[in-house]
2 protein chains.
Amino acid sequence: MRGSRAQCWRGRFQGGGYRLTKPRELILDVLAKSKEHLSAEDIFLSVHKIYSNIGLTTVYRNLELLVEMGAVAKLHFGNGKASYEFSRDGEKDHHHHLVCRKCNKVIDYADFMKEEEEFLQKIEKGLSKKYKFEIQDHVIHFHGFCKSCQTS
Amino acid sequence: MRGSRAQCWRGRFQGGGYRLTKPRELILDVLAKSKEHLSAEDIFLSVHKIYSNIGLTTVYRNLELLVEMGAVAKLHFGNGKASYEFSRDGEKDHHHHLVCRKCNKVIDYADFMKEEEEFLQKIEKGLSKKYKFEIQDHVIHFHGFCKSCQTS
DNA sequence: CTCCTTTATGACAATGATTATCATTATCAA
DNA sequence: TTGATAATGATAATCATTGTCATAAAGGAG
């Protein structure tokens, strides 16, 4: 039980010459548990609760690594800090975002995902051929006003 | 000739209780001329060439205003600073982005736009109904490796 | 299991983009 | 032309993120 997922990650890390360390494991745990998009500081605080040695720098460094590995997506909504979440990876809970222009609230939606993914795959194929670009992931944000920020 | 566009903007500003000032006019000019996504500093430097009084703060302030007005889109690629460009507004030259995960190069593409826009409109309709969210704009980014950053 | 090389960590300082402050100036409706 | 109000620009302040470096931990070799 314990460690089955850890072992999977261990493999992914070691493939790149990296090691599976406690901070890394805990960061992954936090990311996995909270389906939300978290800031580096959010993650730092969560990990800190059970491992008070963790340093904020380490969190940043590992997020950067995970982004490079393609395991984590770094997103920007409107609040000045980056948000991180697991990237699609063909996962079940892939989703897209509605971002409120006023209060910066973010709604994750998973409706229409089948159609969207299907459509995106077609587009991706065309684009990667034309631009010789290896597409690994995508981000779709709709911007506007959420229910409570609509003036009219 | 001169001023027809300015008058249009004057109207948009005054509708919100804002004024059309020289810095604003020049910032809009720069944004209109360069189809590229520009950073606040890029814009500052461009305006500065012909109006050396401009302050960086003013550029930030006005970009923020334009974003609020829905006239300008604020985007984040991977270089630590925000990029700005006119938002769609049903314009001819609406486009989406391919962002390289390694060198942060951004390719604007306008292929498949007809299909994409058609598809997005359908999605937007469904989402705005379900989430009572007033959608004004969207962002689509594909992430991966550009031609010259592909290792394999 | 212990040792050793290498990678990773954490405290701290430094950077750099963005924002707040505030006295001064410019816009524009009357 | 004038006056109320919005906008500007210089400066300082904030705050997320990155660089530095001495120390600690991982994990392969023996």
Side-chain angles (χ1 to χ4, degrees), chain A residues 3 6-7 9-28 30 37-69 72 74-84 104, chain B residues 3 6-7 9-28 30 37-69 72 74-84 104:
Chain A
Q7 291 312 317
W9 280 105
R10 186 185 301 275
R12 283 183 81 170
F13 279 123
Q14 293 188 351
Y18 304 115
R19 295 170 181 174
L20 180 59
T21 64
K22 188 136 199 177
R24 274 177 194 163
E25 203 173 341
L26 294 172
I27 289 168
L28 289 165
V30 169
H37 32 269
L38 300 170
S39 69
E41 198 188 358
D42 291 336
I43 295 169
F44 168 76
L45 290 173
S46 283
V47 174
H48 188 269
K49 281 181 197 154
I50 50 177
Y51 184 70
S52 61
N53 272 3
I54 190 83
L56 181 53
T57 310
T58 299
V59 174
Y60 274 107
R61 261 189 309 237
N62 283 310
L63 287 171
E64 187 188 6
L65 175 62
L66 290 164
V67 169
E68 265 173 28
M69 289 169 59
V72 164
K74 181 180 184 178
L75 305 171
H76 288 267
F77 304 113
N79 58 0
K81 52 186 90 173
S83 297
Y84 300 85
N104 289 326
Chain B
Q7 290 313 318
W9 281 105
R10 184 184 304 273
R12 284 185 79 169
F13 280 123
Q14 295 188 352
Y18 304 115
R19 295 168 181 176
L20 179 59
T21 63
K22 187 134 198 178
R24 273 178 194 164
E25 201 172 341
L26 294 172
I27 289 168
L28 288 165
V30 168
H37 32 268
L38 300 170
S39 70
E41 198 189 358
D42 291 336
I43 294 169
F44 168 76
L45 290 173
S46 282
V47 174
H48 188 269
K49 281 180 195 156
I50 50 178
Y51 183 70
S52 61
N53 272 2
I54 190 84
L56 182 53
T57 308
T58 299
V59 174
Y60 274 106
R61 260 190 309 239
N62 283 309
L63 287 171
E64 187 189 8
L65 175 62
L66 289 165
V67 169
E68 265 173 28
M69 289 169 61
V72 164
K74 180 179 183 179
L75 304 172
H76 287 268
F77 304 113
N79 57 0
K81 53 186 88 173
S83 296
Y84 300 85
N104 289 327

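First the proteins, then the strands, lettered A, B, ... as listed; each starts at 1. These numbers come from the heavy atoms of this one structure, side chains and all, not from hydrogens, waters or symmetry mates.
Note that the two end axes of the helix from C:dC1-D:dG30 to C:dA30-D:dT1 enclose an angle of 40°, each drawn from 5 base pairs, rounded to 10 degrees.
Between atom CZ of residue B:R61 and atom CG of residue B:L66 there is a gap of 13.0 Å, rounded to the nearest 0.5 Å. Atoms CG and CE, on B:N62 and B:M69 in that order, are 10.0 Å from each other to the nearest 0.5 Å. With rounding to the nearest 0.5 Å, the separation of CG in A:D42 from NE2 in A:H37 is 9.5 Å. Annotation: the span from B:L56 atom CG to B:F44 atom CZ amounts to 6.0 Å, rounded to 0.5 Å.
For the pair B:E25 CD and D:dA7 P, the computed distance is 15 Å after rounding to whole Å. Note: CZ (B:R24) to P (D:dA6) measures 11 Å, nearest angstrom. We find that CZ of A:F44 is positioned 15 Å from C1' of D:dC15, with the value rounded to whole Å. A:F77 places its CZ atom 17 Å from the C1' atom of D:dA16, with the value rounded to the nearest Å. Atom CG in A:L75 sits roughly 12 Å away from atom P in D:dT17 (whole-Å rounding).
Considering only heavy atoms from C-beta on, B:V30 comes within 4.5 Å of B:L38 through its side chain. Residues A:L65 and A:F13 meet the side-chain proximity criterion, which asks for heavy atoms closer than 4.5 Å. A heavy-atom distance below 4.5 Å is found between the side chains of A:L63 and A:I43. In this structure the side chain of A:V72 reaches within 4.5 angstrom of the side chain of A:Y84, judged on heavy atoms. The closest side-chain heavy-atom distance from B:I50 to B:L26 is below 4.5 Å. A:K22 is not listed as a side-chain neighbour of A:N53, based on a closest heavy-atom distance of 4.5 Å or more.
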query: When every nucleotide of nucleotides 18-30 of chain D is labelled 5' to 3' by its protein contacts under 4.0 Å (heavy atoms), B for base, S for sugar-phosphate only, - for none, what sequence of letters results?
result: BBB----BBS---

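Within 4.0 Å (heavy atoms only), B:F13 reaches no atom of the nucleic acid at all.
Aromatic ring pairs are classed by plane angle as parallel below 30°, tilted from 30° to 60° and perpendicular above 60°; the pair B:H76 and A:H76 is parallel.
Between B:N62 and the phosphate of D:dT8, there is a side-chain N or O to OP1/OP2 separation shorter than 4.0 Å.
Here the range on DNA chain C touched by chain B, meaning any atom under 4.0 Å from one of its heavy atoms, is C:dA17 to C:dA29.
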